[in-house]
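Take a look at the structure below.
Numbers here are sequence positions counted from 1.
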Amino acid sequence: MIKKRLNVRMSGLGGQGAVTAAHVLAMAANRDGKFSISNPFFGAEKRMAPAESYCRIGIERIYDRGELVFPDVIQVFHPKSSPWGRAIPCPSTPA
């Protein structure tokens, strides 16, 4: 069975490339013929400030741009990158 959508959450600190990585992943999926969308989520634009980015890849059009609460993949660029003290939930267990 083919999954309809892959949700990826990338957490890092400003300057580490989490936003760029989500954008590159979405563009690569789009080039492969899939529908994709990436959206960044960050506060002040400065180095080492918490930054998060979401990438959705699917075989159908994607309209939602909100926060990914239960992603399929979590990519952490820095161990202290959980923004604003939030816990990153495990994909298999609801919070």
Side-chain angles (χ1 to χ4, degrees):
M1 181 172 126
I2 296 174
K3 192 168 184 175
K4 287 189 175 186
R5 187 184 295 178
L6 176 69
N7 297 314
V8 181
R9 179 178 181 165
M10 299 181 184
S11 298
L13 299 176
Q16 289 186 318
V19 173
T20 303
H23 182 69
V24 169
L25 181 63
M27 296 308 296
N30 188 271
R31 190 173 190 137
D32 194 38
K34 309 255 186 324
F35 292 99
S36 62
I37 192 167
S38 70
N39 57 312
F41 180 74
F42 49 85
E45 292 187 39
K46 62 181 183 177
R47 265 198 201 286
M48 303 310 283
E52 209 171 70
S53 166
Y54 312 115
C55 180
R56 293 172 170 89
I57 301 169
I59 56 175
E60 298 175 348
R61 284 193 178 269
I62 301 169
Y63 295 104
D64 52 336
R65 296 183 65 91
E67 180 181 4
L68 280 172
V69 180
F70 300 108
D72 300 309
V73 177
I74 299 173
Q75 184 174 1
V76 178
F77 284 74
H78 192 276
K80 296 188 181 209
S81 65
S82 178
W84 304 283
R86 290 188 319 204
I88 298 175
C90 179
S92 61
T93 57

Listed once per pair and sorted, the side-chain hydrogen bond (donor to acceptor under 3.5 Å, both in side chains) pairs that draw on residues 12-24, sequence neighbours left out: none
Test side chain to side chain contact (heavy atoms under 4.5 Å, CB included) applied to Gln75 and Leu25, step by step: CA-CA 12 Å; Gln75 184 174 1; Leu25 181 63; over 6 Å; no
Residues in side-chain contact (heavy atoms from CB on, under 4.5 Å) with [X], at least two apart?
| X | value |
| --- | --- |
| Arg61 | Phe35, Tyr63 |
| Ala26 | Ser36, Ser38, Cys55 |
| Arg65 | Ile37, Asn39 |

Set of residues satisfying side chain to side chain donor-acceptor pair (under 3.5 Å) with respect to Asn30, sequence neighbours excluded: none
Atom pair CE (Met10) and CD1 (Ile74), whose distance is rounded to the nearest 0.5 Å: 12.0 Å
Spatial distance of atom CZ (Arg5) from atom CZ (Arg56) [nearest 0.5 Å]: 6.5 Å
same_hphob_cluster(Phe77, Val73) at 4.5 Å side-chain heavy-atom cutoff: yes
Same apolar cluster (I L V M F W Y, side chains within < 4.5 Å links), Ile62/Val8: no
Asp72 (side chain) donor-acceptor with Asn7 (main chain) under 3.5 angstrom: yes
Main-chain N/O of Pro71 paired to Arg9 side chain as donor or acceptor, under 3.5 Å: no
Derivation and outcome, side chain to side chain contact (heavy atoms under 4.5 Å, CB included), residues Glu52 and Leu68: CA-CA 10 Å; Glu52 209 171 70; Leu68 280 172; over 6 Å; no
Qualifying salt bridge (Lys or Arg N to Asp or Glu O under 4.0 Å) pairs, either residue in residues 22-33, two or more places apart: Asp32-Lys34
